[in-house]
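What follows is one structure encoded as C-alpha cells, with my remarks underneath.
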Amino acid sequence: NDYILDFAIKMEGADKLVSQNTLNLQWQIQTNQVEKDHEYEKQQTHICYLADGNFDFIMLGNSGDDKKFDKPVDWLSVKQQFFISALVNKNKFQNAEIKWTVPSDTSLHIIAQTIANCRINLSAGNTANVPLQLYYGPSDYHVLKEYNNKMENIVPYGSGIFAFVKYINRHVLLPVFDLLIKNVASMGLVILLLTLFIRLLTSPILYKSYVSGAKMKALKPEIDKLKEKHGEDKQAFSMDQMKLWKTAGVSPLGGCLPAVLQIPIFMSLYYFFQSNISLRGQNFLWAKDLAAYDSIYNLPFNVPFYGDHISLFTLT
C-alpha cells in the first residue's frame with residue numbers, strides 16, 4: 001500500500017570485501033513514453049536531486065547530459081510529466097554521477113535512458129548495512145510530502161523567475177482544489193470553479209484597473225486640448241498632463257500595474273494545471289484527458305508553429 005520500497009544492502013566481513021570502506025552502486029533506469037504527446041512529455045521530464053540538503057533539477061535536453069555531485073546526495077530521480085522513479089539513500093551517498101541519453105528516434109517510445117553511479121561510505125568494521133529506498137509512483141505533492149525527505153519539491157509548481165509561485169500553488173490553489181474535488185464530481189467543473197475563484201481573488205485588482213481605464217478615457221478630450229495648446233512643447237504638455245491626472249486622481253500606472261500584479265496568479269495556474277496528476281485520465285465534454293490537449297480533428301499533416309490537430313478548448 002505504498003509507492004516506496006525499502007531495501008538494504010547488508011554485508012558480513014565488509015572490511016575484507018571492499019576497499020577504503022566504500023561501495024560503488026550503479027542504478028539504471030529506462031523511462032518510456034506514457035503520455036499522449038512524446039515531445040511534450042520529454043519537455044516535462046527532469047533529472048531531480050537533493051544534494052547537500054538543497055533540491056534542484058535539470059531539464060532533459062534533446063540528446064542528454066551528465067551531472068557530477070561532489071557533496072553528499074540524499075536521492076536521485078527521473079521525473080516524467082506525472083510519474084517519478086527515484087533512488088534514496090537514508091544515510092546519503094558520499095558522491096554520485098548521473099548520465100542520461102535521449103533517443104532521437106521517437107518511434108522507440110523511450111523518453112530517456114539513465115545511469116547513476118553512486119559511492120556509498122560504509123562504517124568501519126566487519127558488518128555493513130546500507131538502508132536504501134526505491135520510489136516508483138506519481139508526482140503527487142501530498143504523497144511525496146509524507147516521506148519527509150523534500151521529494152515534494154519534485155512537483156514543478158514553479159521554477160525559474162516564477163519559482164515563488166510554488167508557494168501560491170501549495171498553500172492557496174492546492175487546498176482549494178482539494179476541497180472542490182471532494183465535493184464536485186466532474187473534474188471539468190472543478191477547473192471551472194477554481195478559475196472563478198481566481199477571478200474573484202483578482203477582482204479588486206481588476207476593479208482598480210477598470211476604474212483607472214475609465215478615468216483615462218473620460219480625460220481624453222482634455223488631453224487632446226492640452227496637445228493642441230502646447231503643440232511641440234512636450235515638456236509643458238507633460239507637466240500639464242501630470243497636473244490634470246493628479247487633479248482627477250488618476251495614476252499613470254493605474255492601468256498597467258494591476259495587470260502586472262495578476263501575472264503571478266496566472267503563472268501559478270499554468271504550473272498548477274500542467275503538474276497536477278489528478279487531471280490525468282479525467283474526461284470532460286469532448287476531451288478524453290484533461291491533462292493533455294483536446295483534439296476534435298487530427299490533421300493529415302503538420303502545420304509549422306501550430307501542430308497536427310484542432311483543439312476546440314484553445315479556439316474557444
Side-chain angles (χ1 to χ4, degrees), residues 35 40-41 43-50 53-59 77 79-84 137-184 186-212 251 253-282 284 287 289-293 313-314:
E35 306 302 334
Y40 187 70
E41 185 176 4
Q43 293 173 18
Q44 296 299 313
T45 299
H46 304 151
I47 305 297
C48 305
Y49 54 87
L50 186 70
N54 298 312
F55 168 80
D56 207 347
F57 72 93
I58 305 170
M59 304 291 287
S77 75
K79 183 205 79 74
Q80 293 174 254
Q81 186 174 357
F82 294 119
F83 296 96
I84 299 168
S139 177
D140 186 297
Y141 182 82
H142 294 305
V143 172
L144 296 169
K145 181 73 174 176
E146 292 182 358
Y147 298 124
N148 198 31
N149 59 4
K150 298 186 179 181
M151 283 182 65
E152 69 273 10
N153 290 291
I154 296 176
V155 183
Y157 276 158
S159 62
I161 61 172
F162 291 105
F164 66 94
V165 303
K166 63 186 175 185
Y167 300 108
I168 299 175
N169 282 325
R170 292 174 182 176
H171 305 299
V172 180
L173 293 188
L174 188 57
V176 175
F177 181 81
D178 291 339
L179 178 65
L180 290 173
I181 60 176
K182 289 179 181 178
N183 297 281
V184 180
S186 171
M187 188 60 73
L189 293 179
V190 168
I191 295 174
L192 176 62
L193 292 173
L194 184 62
T195 306
L196 291 175
F197 169 76
I198 294 299
R199 297 297 292 179
L200 182 64
L201 200 65
T202 58
S203 58
I205 301 175
L206 285 172
Y207 175 75
K208 289 184 178 181
S209 179
Y210 291 150
V211 169
S212 178
S251 170
L253 298 176
C256 62
L257 187 59
V260 172
L261 293 175
Q262 291 181 76
I263 292 176
I265 302 294
F266 294 133
M267 288 306 300
S268 64
L269 277 174
Y270 169 76
Y271 280 105
F272 184 81
F273 285 130
Q274 76 169 7
S275 305
N276 200 318
I277 193 173
S278 298
L279 302 179
R280 187 177 187 269
Q282 297 290 332
F284 181 67
D289 186 354
L290 290 174
Y293 60 84
F313 281 147
T314 304

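These figures come from a predicted structure and were not determined experimentally.
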Query raised in the report: Do other residues, nucleotides or ligands put more than 12 heavy atoms under 6.0 Å from the CZ atom of Phe164?
Result: yes
Report summary line: Minimal heavy-atom distance between Gln44 and Lys79, with the atoms involved, is O-NZ, 2.9 Å
Report task. Return the minimal non-hydrogen interatomic distance between Leu269 and Leu173, and the atom names on each side. Result -> CD2-CD1, 3.9 Å
Query - Atom CG of Asn183: over 12 foreign heavy atoms under 6.0 Å - result: yes
Query raised in the report: Heavy atoms, side chains only, cut-off 4.5 Å: are Asn169 and Val155 in contact?
Result: no
**Report entry** Side chain Gln282, main chain Met187, donor-acceptor under 3.5 Å
**Finding:** no
Query raised in the report: Which pairs count as side-chain hydrogen bond (donor to acceptor under 3.5 Å, both in side chains) when at least one residue sits in residues 151-166, sequence neighbours excluded?
Result: Asn153-Arg170, Ser159-Tyr271
Query raised in the report: Under 3.5 Å, is there a donor-acceptor pair between the side chain of Ser275 and the main chain of Pro156?
Result: yes
**Report entry** Non-hydrogen atoms of Ile277 and Pro138 that approach each other most closely
**Finding:** CD1-CB, 3.4 Å
Query raised in the report: Listed by chain and number, what are the ring-ring contact (aromatic ring centres under 6.0 Å, His included) partners of Phe177, not counting sequence neighbours?
Result: Phe272
Report summary line: Taken to the nearest 0.5 Å, the spacing of Ser268 OG from Ile265 CD1 works out to 5.0 Å
Report summary line: Across all chains, not counting sequence neighbours, the side chain to side chain contact (heavy atoms under 4.5 Å, CB included) partners of Ser186 are Leu189, Phe284
Query raised in the report: Are Asn149 and Leu50 side-chain neighbours, meaning at least one heavy-atom pair lies under 4.5 Å?
Result: no
Query raised in the report: Can you name the closest pair of heavy atoms from Ser139 and Ile84 and give their distance?
Result: CA-CD1, 3.7 Å
Query raised in the report: Do Tyr40 and Gln81 have side chains that get closer than 4.5 Å, going by heavy atoms?
Result: yes
**Report entry** Shortest non-hydrogen contact from Gly188 toward Leu290
**Finding:** N-CD1, 3.9 Å
Query raised in the report: Any side-chain heavy-atom pair from Met267 and Ile168 closer than 4.5 angstrom?
Result: no
Query raised in the report: Any side-chain heavy-atom pair from Phe197 and Val172 closer than 4.5 angstrom?
Result: yes
Report summary line: In short, Ser77 meets Ile154 closest at the heavy-atom pair OG-CD1, 3.5 Å
Query raised in the report: Once you round to the nearest 0.5 Å, how far does CG of Leu174 lie from CG of Leu194?
Result: 10.0 Å
Report task. Could you check Lys150 against Phe55 for side chain to side chain contact (heavy atoms under 4.5 Å, CB included), going step by step and ending with a plain yes or no? Result -> CA-CA 8 Å; Lys150 298 186 179 181; Phe55 168 80; 5.5 Å; no
Query raised in the report: Between Lys145 and Asp140, is there a donor-acceptor pair closer than 3.5 Å when you use the side chain of the first and the backbone of the second?
Result: no
Requested in this report: Apply the side chain to side chain contact (heavy atoms under 4.5 Å, CB included) test between Thr195 and each candidate in Leu193, Ile198, Ile191; give the one that qualifies.
Outcome: Ile191
Query - Nearest-0.5 Å distance, OG1 of residue Thr45 to CZ of residue Phe83 - result: 12.0 Å
Report task. Compare all side-chain heavy atoms of Tyr49 with those of Ile58 and state whether any distance is below 4.5 angstrom. Result -> yes
